[in-house]
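Right, one structure below, let's go through it.
Values in this document were obtained by computation on a predicted structure and should not be read as measured data. We're numbering straight along the sequence, starting at 1.
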Amino acid sequence: MFLGHFAVGFAAKRAAPKTSLGWLMAAPLLADLLWPIFLLAGWERVRIDPGNTAFTPLAFDAYPWSHSLVMMAAWGAAFGGVYLVVSRSGTRGGRQSVTMPGSQRLGVAALLAALVVSHWVLDVVAHRPDMPLIPGGGPLVGLGLWNSVPATLVVEGTLFAVGVGLYRSTTRPLDRTGLYAFEGFVIFLAILYASLLFAPPPPGVEAIAYSDLVAWLLPLWAWWFDGHRSVG
Ligand SMILES: [Zn+2]
């Protein structure tokens, strides 16, 4: 899935209003942030196969380390652990950071871990049966929403609208950056998504990996405008 992961990140702000959207966005995107690195390392494989599903020309031949259920649970635990370490000092993490008691930080860490695993659930809905449960074999699952472009647009578009709406009603801009950098982010994602539908298949696997690495900037962008918005 694509927009659905961003929807989950936006919606999570309602559950963890004191936590920067940078964290909340990085968690559901994590699998797709790791994927291009593992592709370049040769640990995972993708093939360009126009018509593989109606929505994407990519055949995800093997991605056990970034996209299996077991590994996503492990990445989720690791990501929650990194959050616990980084959030120990309340002065870090931007203007909006608030020192939280340990029990609350544990709750946020658990939420972040769940958000990482949510990527697997949404990808199972979207992909044809290519999603592994465990690395190194085992069954592959997938419900194949991407076989229908209209159904994909309805489901992902609705999720995205709900997620953005929850974020918009949970926060308000403190300044122009908080308004325009947020709206710009939403518009950028919508245009990127639409362009996926009309773009020709990518020229090669390396091109996919390198262009995907740019996605690392998206949680930073979210962290930036979220620091210019307040809760309530
Ligand atoms: Zn994915």
Side-chain angles (χ1 to χ4, degrees), residues 1-9 25-79 113-157 159-160 189 192-219:
M1 202 169 276
F2 181 79
L3 281 182
H5 302 305
F6 294 91
V8 167
M25 205 52 97
L29 296 178
L30 187 65
D32 285 352
L33 299 178
L34 297 173
W35 180 61
I37 297 172
F38 295 172
L39 280 179
L40 291 172
W43 300 344
E44 305 198 327
R45 290 192 323 269
V46 69
R47 194 161 36 87
I48 296 156
D49 173 28
N52 187 273
T53 59
F55 185 75
T56 178
L58 302 184
F60 301 96
D61 283 341
Y63 44 9
W65 304 111
S66 65
H67 275 73
S68 68
L69 175 59
V70 165
M71 284 309 298
M72 282 209 208
W75 292 120
F79 192 76
L115 293 174
V116 172
V117 177
S118 79
H119 188 105
W120 189 84
V121 177
L122 290 185
D123 272 5
V124 164
V125 171
H127 290 212
R128 61 181 184 74
D130 59 25
M131 293 286 296
L133 292 166
I134 53 170
L140 301 171
V141 293
L143 300 176
L145 175 68
W146 277 354
N147 287 318
S148 162
V149 169
T152 298
L153 293 180
V154 168
V155 172
E156 293 214 54
L159 285 174
F160 190 62
L189 289 178
L192 185 65
Y193 189 64
S195 74
L196 288 177
L197 282 175
F198 302 108
V205 170
E206 280 209 347
I208 301 171
Y210 284 116
S211 59
D212 241 58
L213 281 175
V214 179
W216 280 80
L217 295 175
L218 296 173

Exercise. Within a strict 4.5 Å, meaning less than it, do heavy atoms of the Ile48 and Leu58 side chains meet?
Worked result: yes
Problem set entry | Heavy-atom side-chain proximity of Ser66 to Met71 below 4.5 angstrom | no
Exercise. Arg128 pairs by side-chain hydrogen bond (donor to acceptor under 3.5 Å, both in side chains) with which of Asn147, Asn52, Thr53?
Worked result: Asn52
For this session: Could you grab the distance from atom OH of Tyr63 to atom CG of Asp130, nearest 0.5 Å is fine?
Result: 3.5 Å
For this session: With the side chain counted from C-beta on, respond yes when Pro28 and Leu115 share a heavy-atom pair under 4.5 Å apart, and no when they do not.
Result: yes
For this session: Work out which heavy atom in Ala215 is nearest to a heavy atom in Pro219; give both atom names and the distance.
Result: O-CD, 3.2 Å
Problem set entry | Residue pair Leu69 / Met131, side-chain heavy-atom distance below 4.5 Å | no
Seminar exercise, completed: Asp123 and His5 have their tightest heavy-atom pair at OD1-NE2, 3.0 Å
Exercise. Rounded to the nearest 0.5 Å, how far apart are CH2 of Trp75 and CG of Leu33?
Worked result: 11.5 Å
Exercise. Taking C-beta and beyond as the side chain, do Phe6 and Leu29 meet within less than 4.5 Å on heavy atoms?
Worked result: yes
Problem set entry | From OG1 (Thr152) to CG (Leu145), nearest 0.5 Å | 4.0 Å
Exercise. Among all residues two or more places apart in sequence or in another chain, which pass the salt bridge (Lys or Arg N to Asp or Glu O under 4.0 Å) test with Arg47?
Worked result: Asp61
Exercise. Side chains of Pro36 and Tyr210: closer than 4.5 Å at any heavy-atom pair?
Worked result: no
Seminar exercise, completed: Distance col, row Ile208:CD1 vs Leu213:CG, nearest 0.5 angstrom, shows 12.0 Å
Exercise. Any idea which heavy atoms bring Ala113 and Gly76 closest together, and the distance?
Worked result: CB-O, 3.4 Å
Exercise. Taking all non-hydrogen atoms of both residues, which atom of Pro64 and which atom of Gly136 are closest, and how far apart?
Worked result: CB-N, 4.0 Å
For this session: Under the side chain to side chain donor-acceptor pair (under 3.5 Å) rule, collect the residues that match up with Asp32, sequence neighbours excluded.
Result: His67, His119
Seminar exercise, completed: On a heavy-atom basis, the closest approach of Val117 and Ala73 is CG2-CA, 3.8 Å
Seminar exercise, completed: Closest non-hydrogen atoms of Val70 and Pro135, given as atom of the first, atom of the second and distance, are CB-CD, 4.1 Å
Problem set entry | Parallel, tilted or perpendicular: ring planes of Phe60 versus Trp146, cut at 30 and 60 degrees | tilted
Exercise. Rounded to the nearest 0.5 Å, how far does CG of Asp212 lie from CG of Leu34?
Worked result: 11.5 Å
For this session: Measure from the side-chain N and O atoms of Glu44 to the backbone N and O of Leu39, and report whether any donor-acceptor pair falls under 3.5 Å.
Result: no
For this session: Could you tell me which residues satisfy side chain to side chain donor-acceptor pair (under 3.5 Å) with Trp120, sequence neighbours excluded, listed by chain and number?
Result: none
For this session: May I ask you to check whether Phe55 and Tyr193 place their ring centers less than 6.0 Å from one another?
Result: yes
Exercise. Counting N and O atoms only, with roles assigned by atom type, does the side chain of Glu156 sit under 3.5 Å from a partner on the main chain of Met1, one being a donor and the other an acceptor?
Worked result: no
Exercise. Are any non-hydrogen side-chain atoms of Val46 and Trp35 less than 4.5 angstrom apart?
Worked result: yes
Problem set entry | Nearest-0.5 Å distance that lies between atom CG in Leu122 and atom CG in Leu3 | 11.0 Å
Exercise. Would you call Ile37 and Trp43 a side-chain contact if the rule is heavy atoms closer than 4.5 Å?
Worked result: no
